[in-house]
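Below you'll find the structure, written out as structure tokens, and then a few comments.
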Amino acid sequence: MAEVTAVARAAATGAEKPAEMAAAAGPGRLTVITGPSGVGKGTLVAALRQRHPQIWLSVSATTRAPRSGEQEGEHYFFMSREQFEQQVAAAGLLEWAEFAGNLYGTPRAPVSEHLAQGQPVLLEIELEGARQVRRSFPQGFQVFIEPPSLQELERRIRGRGTDDDSAIERRLRRAREELAAAPEFDAVVVNADLETAIGELEALLRLASS
Ligand code: ADP
Ligand code: 5GP
């Protein structure tokens, strides 16, 4: 793996918002985590949740087929395109977007409920959804996860073994577009060394490191 030290920085453009202000916004705090497919978002979020069980992770709706081991209601709410479109029509989604040929969206009501209860809320979503949430929740905090290199990103997607060649190609093409948007975010974390990246996220989200 490339020897790159993870760095977090305040974004130079986009919403000029000190990290401490955004992370402290209450009653609950909404954090969006975005980054190219395969960069390690799921791995990072799982580690954060294990260490900080008070975090509530939104479960998205998707029209993608379940991968082996994925459970309904735990990893996603799996639905047909028709069911998804009904959710959109009923304004049941806080944001939604098409990604690599499938629809993904965040159910609105549970996010509002957990924020009202004062819980830290995490959304792990792609770029278009992050942009929508930025408009509806400007007080939220948005972190972009970068790979140490595109070669390492491809290695991770292939290593995960969940996508066929055409899906990998689509995900890599989209990754290049997403990487260009990193400066829009409040902070960028490079997921080179996993432990370092987790520590940086804990610092950005004001979670006591364990
Ligand atoms: P995403 O949720 O962003 O699509 P995943 O969390 O599924 O990405 O990670 C993709 C692959 O990369 C997985 O096989 C995971 O174990 C691996 N991975 C995640 N973080 C790192 C890291 N810091 N170094 C090496 N491999 C990693
Ligand atoms: P995957 O198919 O690998 O689970 O997810 C593909 C992409 O969809 C990832 O970038 C993931 O962050 C994003 N994603 C997952 N749920 C949502 C959602 O609710 N809304 C949006 N906009 N993107 C999502």
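Whatever order the structure lists them in is the order used to number ligands and atoms, beginning at 1.
Looking at Arg160 next to ligand 2, no N or O pair under 3.5 Å apart turns up. Between Gly105 and ligand 2, at least one N/O pair is under 3.5 Å apart. Residue Glu152 has no nitrogen or oxygen atom sitting less than 3.5 Å from a nitrogen or oxygen atom of ligand 1, judged on distance alone. Considering backbone and side-chain N/O atoms, Glu70 never comes within less than 3.5 Å of an N/O atom of ligand 2. Annotation: Asp193 places no N or O atom under 3.5 Å from an N or O atom of ligand 1; distance criterion only. Looking at ligand 1, you won't find any N or O of Glu124 less than 3.5 Å from one of its N or O atoms.
Contact annotation for Tyr104 and ligand 2: heavy atoms of both the backbone and the side chain come within less than 4.0 Å of the ligand. At a heavy-atom cutoff of 4.0 Å, ligand 2 is contacted by no atom of Glu98, backbone or side chain. Contact annotation for Glu128 and ligand 2: no heavy atom of the residue comes within less than 4.0 Å of the ligand. With a heavy-atom cut-off of 4.0 Å, Arg67 touches ligand 2 through its side chain alone.
Here is the list of ligand 2 atoms found below 4.0 Å of a heavy atom in Lys41: 10 (O), 12 (O). Counting the atoms of ligand 1 from 1 in the order shown, those under 4.0 Å from a heavy atom of Pro36 are 3 (O). Set against the non-hydrogen atoms of Thr43, the atoms of ligand 1 under 4.0 Å away are 5 (P), 6 (O), 9 (O), 15 (C), 19 (C). Near Gly129, the atoms of ligand 2 lying under 4.0 angstrom from a non-hydrogen atom of the residue are 22 (N). Atom numbering of ligand 2 starts at 1 in the shown order; those under 4.0 Å from a heavy atom of Arg64 are 1 (P), 2 (O), 4 (O). If you number the atoms of ligand 1 from 1 as listed, the ones under 4.0 Å from a heavy atom of Lys41 come out as 1 (P), 2 (O), 3 (O), 4 (O), 6 (O), 8 (O). In summary, the atoms of ligand 2 found under 4.0 Å from a heavy atom of Thr106, numbered by their order in the structure, are 19 (O). For ligand 1, the atoms lying closer than 4.0 Å to a non-hydrogen atom of Ala192 are 22 (C), 23 (N), 24 (N). Heavy-atom proximity to Gly42, at under 4.0 Å, picks out these atoms of ligand 1: 1 (P), 2 (O), 6 (O).
A salt bridge between Arg158 and Asp163 is absent, with no side-chain N of the basic residue lying under 4.0 Å from a carboxylate O of the acidic one. Using a cut-off of 4.0 Å between Lys/Arg side-chain N and Asp/Glu carboxylate O, Arg64 and Glu70 are scored as salt-bridged. Contact check on Glu152 versus Arg156 returns a salt bridge, with a Lys/Arg side-chain nitrogen under 4.0 Å from an Asp/Glu carboxylate oxygen. A salt bridge does not link Glu178 with Arg131: none of the charged nitrogens is closer than 4.0 Å to a carboxylate oxygen.
Using a 4.0 Å heavy-atom cutoff, Gly38 is listed among the residues neighbouring ligand 1. Ligand 1 has Ser37 within reach: a non-hydrogen atom of the residue lies less than 4.0 Å from it. Distances shorter than 4.0 angstrom do not occur between any heavy atom of Glu178 and any atom of ligand 2. Within the structure, the closest approach of Ala46 to ligand 1 does not fall below 4.0 Å when heavy atoms are considered.
Hydrophobic clustering (side-chain heavy atoms under 4.5 Å, transitive across Ile, Leu, Val, Met, Phe, Trp, Tyr) keeps Leu93 apart from Trp56.
Scanning the protein heavy atoms around atom 23 (N) of ligand 2, the nearest turns out to be Glu126 N, 3.0 Å. Among all non-hydrogen protein atoms, the one lying nearest atom 12 (O) of ligand 2 is Glu124 OE2, 2.7 Å. Nearest protein heavy-atom neighbour of atom 20 (N) of ligand 2: Glu95 OE2, 2.7 Å. In terms of protein heavy-atom proximity, atom 19 (O) of ligand 2 is closest to Ser60 OG, 2.6 Å. If you check which protein heavy atom lies closest to atom 15 (C) of ligand 2, you get Tyr76 OH, 3.3 Å.
For the atom pair Glu128 CD and Tyr104 OH, the distance stands at 14.5 Å (nearest 0.5 Å). Separating the CD1 atom in Ile125 from the CD atom in Gln132 is a distance of 8.0 Å, to the nearest 0.5 Å. Remark: Gln71 CD to Tyr76 OH distance equals 14.5 Å, nearest 0.5 Å. Taken to the nearest 0.5 Å, the OG1 atom of Thr62 stands 9.5 Å off from the CZ atom of Arg81. How far CG of Leu127 is from CZ of Arg174: 6.5 Å, rounded to the nearest 0.5 Å. Interatomic distance, CG of Leu150 versus CG of Leu179, reported as 6.0 Å (0.5 Å rounding).
At least one donor-acceptor pair closer than 3.5 Å links the side chain of Glu72 to the backbone N or O of Phe78. With hydrogens and angles disregarded, no donor-acceptor distance shorter than 3.5 Å links the side chain of His52 to the backbone of Leu48. At least one donor-acceptor pair under 3.5 Å links the side chain of Asp186 to the backbone N or O of Gln142.
Relative to the six-membered ring of Phe185, Arg134 meets both conditions, a distance below 6.0 Å and an angle of at most 45° to the axis.
Ranked by closest heavy atom to atom 3 (O) of ligand 2, the top entry among Arg171, Arg174, Gln132 is Arg171.
For the pair Val188 and Ala182, the tightest heavy-atom approach, listed with the atom from each and the gap, is CG2-O, 3.9 Å.
A perpendicular orientation is assigned to the rings of Trp96 and Phe84, their planes being inclined by more than 60° (bins at 30° and 60°).
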